[in-house]
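Here's the structure, in structure tokens; my notes come after.
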Amino acid sequence: CEFVGVGPGGYESALARVSIVDWNNAVLLDTYVKVNQPVTDYRTFVSGIREEHLEDGIAVDADKCLEIVKKILKGRILVGHGLKCDLGVMGIQH
């Protein structure tokens, strides 16, 4: 996952991109996510996210994205870096 900053100073994280691959590195999901709050820090130097990535027609609605992510993750073992943070920002318990 990649996050952008929202709120004063951009210190609060909001989901802006989700990428999920399987054991064989096949891409199961790779999408930008519409942020429901004004973005105050794109964190581009870390995230690679730019304003145009989050525009209509490119980014997926956040609620729809979370539905898709939950379906993909159901019953699976997760391996990755920073999963606790990623899942926490998405509000997913696994």
Output a table of donor-acceptor pairs, distance under 3.5 Å, between side-chain atoms of residues 69-94 and any protein atom two or more places apart or on a different chain; print 'none' if there are none.
from: Arg76; atom 1: NE; to: Ile72; atom 2: O; distance (Å): 2.7
from: His94; atom 1: NE2; to: Arg76; atom 2: O; distance (Å): 2.7

What side-chain donor-acceptor pairs closer than 3.5 Å can you find for residues 43-50, not counting sequence neighbours?
from: Arg43; atom 1: NH1; to: Ser13; atom 2: OG; distance (Å): 3.0
from: Arg43; atom 1: NH2; to: Gly10; atom 2: O; distance (Å): 2.8
from: Thr44; atom 1: OG1; to: Ile49; atom 2: O; distance (Å): 2.6
from: Ser47; atom 1: OG; to: Tyr42; atom 2: O; distance (Å): 2.9
from: Ser47; atom 1: OG; to: Arg43; atom 2: O; distance (Å): 2.9
from: Ser47; atom 1: OG; to: Ile49; atom 2: N; distance (Å): 3.0
from: Arg50; atom 1: NE; to: Glu52; atom 2: OE2; distance (Å): 2.6
from: Arg50; atom 1: NH2; to: Glu52; atom 2: OE2; distance (Å): 3.3

What distance do Asp41 atom CG and Glu12 atom CD have between them, rounded to the nearest 0.5 Å?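 Those atoms lie 13.0 Å apart.
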At what distance, to the nearest 0.5 angstrom, does CG of Leu66 lie from CG of Asp61?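 The CG atom of Asp61 is 9.0 Å from CG of Leu66, to the nearest 0.5 Å.
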Give the cluster check for Val18 versus Ile58: same hydrophobic cluster or not, with ILVMFWY residues linked at side-chain heavy-atom distances below 4.5 Å.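 No, because Val18 and Ile58 fall into different hydrophobic clusters, even though each may have its own neighbours under 4.5 Å.
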Transitively linked via ILVMFWY side-chain contacts under 4.5 Å: Val21 with Leu28?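 No, separate clusters.
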Quick one, Val33 and Val60 - any side-chain contact, counting heavy atoms below 4.5 Å?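 A side-chain contact is absent here, since even the closest heavy-atom pair is not under 4.5 Å.
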Which heavy atom of Val6 sits nearest a heavy atom of Ala14, and at what distance?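 In terms of heavy atoms, the two residues are closest at CG1-CB, 3.7 Å.
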Shortest non-hydrogen contact from Thr31 toward Cys65: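 For Thr31 versus Cys65, the nearest heavy atoms are CG2-SG, 4.0 Å.
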Determine whether a donor-acceptor pair (N or O, by modelled atom type, separation under 3.5 Å) exists between the side chain of Thr40 and the backbone of Gly7.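 Yes; at least one donor-acceptor contact below 3.5 Å.
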Judged by atom type as modelled, is there a donor-acceptor pair below 3.5 Å linking the side chain of Asp22 to the main-chain atoms of Asn24?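 Yes, the answer is positive, given that a donor and an acceptor are paired below the 3.5 Å cut-off.
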For Lys34 and Asp56, what are the C-alpha separation, side-chain angles and deciding distance, and is it a side-chain contact (heavy atoms from CB on, under 4.5 Å)? CA-CA 8 Å; Lys34 290 181 191 173; Asp56 288 339; 3.1 Å; yes
